[in-house]
Amino acid sequence: MSGKPRLTYLNGRGRMESIRWLLAAAGVEFEEVYLETKEQYDKLIKDGFLLFQQVPLVEIDGMKMVQTRAIMSYIAGKYNLYGKDLKERALIDMYVEGISDLMQMILVFPFSPPDAKEKNLESIKERATNRYFPVFEKVLKQHGQDFLVGNKFSWADVQLIEAILAVEEKVPDVLSGFPQLQVFKTKMSNMPTIKKFLQPGSPRKPPPDAHYVETVLKIFKI
């Protein structure tokens, strides 16, 4: 065992991508195991690796962790990305939950029926520009600091830059009315650990394609 966290998921974004982002932002190298067949998935369940019969699975510090939120809370706490006190942690949790709602829409988008894709894309754009991004634009403007909480880099910042880039892939001009978020995006993208993660050849996964969708449907029998 190398001592590096070991991530088990499909070779694609899905629910593991935010975990990859957080580890990478913390400067932590990790190993990955990719599920390609339903048999591999069923074996994990049979061997007792998946507490609730779900992936992502992250093996870290002798634990076999499932449930995305629990995994990310642990990583954020371990690598000092979770605020200095309960109030800051509450703010981080609040922002992360909001961003997660937006990311859920992006997560399920590739599985939209062809006749619903345009409508669902409009929903993502509408929610991003009217509900979620205005919140973070206001937060950054009001306290005039580089980061969302306590003027210190946190899990919330990682989630937000991931969400911004994911929405921009579908709506390139989505930040046109958000000058604070444009500055935030530039600063975050140039942080050394994040800049490295954004380079070709990093563990960051590309947008889901037809093969990824087909593999998800095959393994999980959706």
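- At distances below 3.5 Å, not a single donor-acceptor pair connects side-chain atoms of Arg6 with backbone N or O atoms of Glu59.
- Taking hydrophobic clusters as Ile, Leu, Val, Met, Phe, Trp and Tyr residues chained together by side-chain heavy-atom distances below 4.5 Å, Leu121 shares a cluster with Val213.
- Listed here is the closest heavy atom pair of Leu22 and Ala76: CD2-N, 4.0 Å.
- The main-chain N or O of Leu7 is never found under 3.5 Å from a side-chain atom of Glu32 such that the two would form a donor-acceptor pair.
- Residues passing the side chain to side chain contact (heavy atoms under 4.5 Å, CB included) test with Lys138 are Gln142, sequence neighbours excluded.
- Gln40 places a side-chain N or O within 3.5 Å of a backbone atom of Thr37 that can act as its donor or acceptor partner.
- The shortest heavy-atom contact between Thr129 and Pro134 is O-CG, 3.1 Å.
- Partners of Tyr41 by ring-ring contact (aromatic ring centres under 6.0 Å, His included), not counting sequence neighbours, listed by chain and number: Phe220.
- With salt bridges taken as basic N to acidic carboxylate O contacts below 4.0 Å, one links Lys78 and Asp61.
- Here the side chains of Asn120 and Ile124 are not in contact, with every heavy-atom distance at 4.5 Å or above.
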Between Phe153 and Met188, does a side chain to side chain contact (heavy atoms under 4.5 Å, CB included) hold up when you go through it step by step?
CA-CA 9 Å; Phe153 184 50; Met188 290 301 106; 3.9 Å; yes

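- Following chains of ILVMFWY side-chain contacts shorter than 4.5 Å, one cannot reach Leu10 starting from Leu107, and the two form parts of different hydrophobic clusters.
- A 4.5 Å side-chain heavy-atom check between Tyr74 and Val58 finds every atom pair outside the cut-off.
- Judged by distance alone, the side chain of Lys218 and the main-chain N or O of Glu36 form a donor-acceptor pair under 3.5 Å.
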Mind running side chain to side chain contact (heavy atoms under 4.5 Å, CB included) on Tyr95 and Gln159 for me, showing each step along the way?
CA-CA 9 Å; Tyr95 295 154; Gln159 285 280 91; over 6 Å; no

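- In terms of heavy-atom proximity, Ile161 sits nearest to Ser189 at CD1-OG, 3.9 Å.
- The minimum heavy-atom distance between Ser176 and Gln182, with the atom names listed, is O-NE2, 3.6 Å.
- Met63 and Leu50 end up in the same hydrophobic cluster when Ile, Leu, Val, Met, Phe, Trp and Tyr side chains are linked at under 4.5 Å.
- Judged by distance alone, the side chain of Tyr9 and the main-chain N or O of Arg15 form a donor-acceptor pair under 3.5 Å.
- Using cut-offs of 30° and 60° for the angle between ring planes, the Trp21 and Phe197 rings count as perpendicular.
- Taken together through direct or relayed side-chain contacts under 4.5 Å among Ile, Leu, Val, Met, Phe, Trp and Tyr, Ile106 and Leu198 form part of one hydrophobic cluster.
- Asp157 places a side-chain N or O within 3.5 Å of a backbone atom of Leu148 that can act as its donor or acceptor partner.
- Closest non-hydrogen pair, Met72 versus Ser18, comes out as CE-O, 3.4 Å.
- Side chain of Lys152 to main chain of Asn80: a donor-acceptor pair is present (N/O by atom type, distance under 3.5 Å, no hydrogens or angles).
- Using a 4.0 Å cut-off between charged nitrogen and carboxylate oxygen, Glu17 and Lys205 do not count as a salt-bridge pair.
- Annotation: Glu29, atom CD; neighbour count of heavy atoms from other residues, nucleotides and ligands within 6.0 Å does not exceed 12.
- The backbone N or O of His211 lies less than 3.5 Å from a partner atom in the side chain of Asp209, making a donor-acceptor pair.
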Checking side chain to side chain contact (heavy atoms under 4.5 Å, CB included) for the pair Ser73/Tyr82: CA distance, chi angles, key distance, verdict?
CA-CA 8 Å; Ser73 294; Tyr82 212 171; 3.8 Å; yes

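- Ion pairing of Lys170 with Glu118 is absent here, as no side-chain N (NZ or NE/NH1/NH2) approaches a carboxylate O to less than 4.0 Å.
- Side-chain contact between Ile164 and Phe184 is present, with heavy atoms from C-beta onward closer than 4.5 Å.
- Here ring-ring contact (aromatic ring centres under 6.0 Å, His included) pairs that include residues 45-65, with residues two or more places apart or in two chains, number zero.
- Of the possible donor and acceptor atoms, one in the side chain of Glu88 sits under 3.5 Å from a partner among the backbone N and O of Lys84.
- Residues Arg13 and Arg204 are in side-chain contact: their nearest non-hydrogen atoms beyond the backbone lie under 4.5 Å apart.
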Start with the C-alpha distance between Leu181 and Leu140, add both sets of side-chain angles, then the distance that settles side chain to side chain contact (heavy atoms under 4.5 Å, CB included), and finish with yes or no.
CA-CA 8 Å; Leu181 288 182; Leu140 291 167; 3.7 Å; yes

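- Across all their heavy atoms, Lys196 and Ser202 have their closest contact at O-CB, 3.7 Å.
- No continuous path of ILVMFWY side-chain contacts below 4.5 Å connects Ile71 to Tyr34, so the two sit in separate hydrophobic clusters.
- Salt bridge status for Glu168 with Lys185: present, with a side-chain N to carboxylate O gap under 4.0 Å.
- Heavy atoms from other residues, nucleotides or ligands lying under 6.0 Å from NZ of Lys125 number 12 at most.
- Remark: side-chain polar atoms of Lys117 are paired, donor with acceptor, to backbone N or O of Phe109 under 3.5 angstrom.
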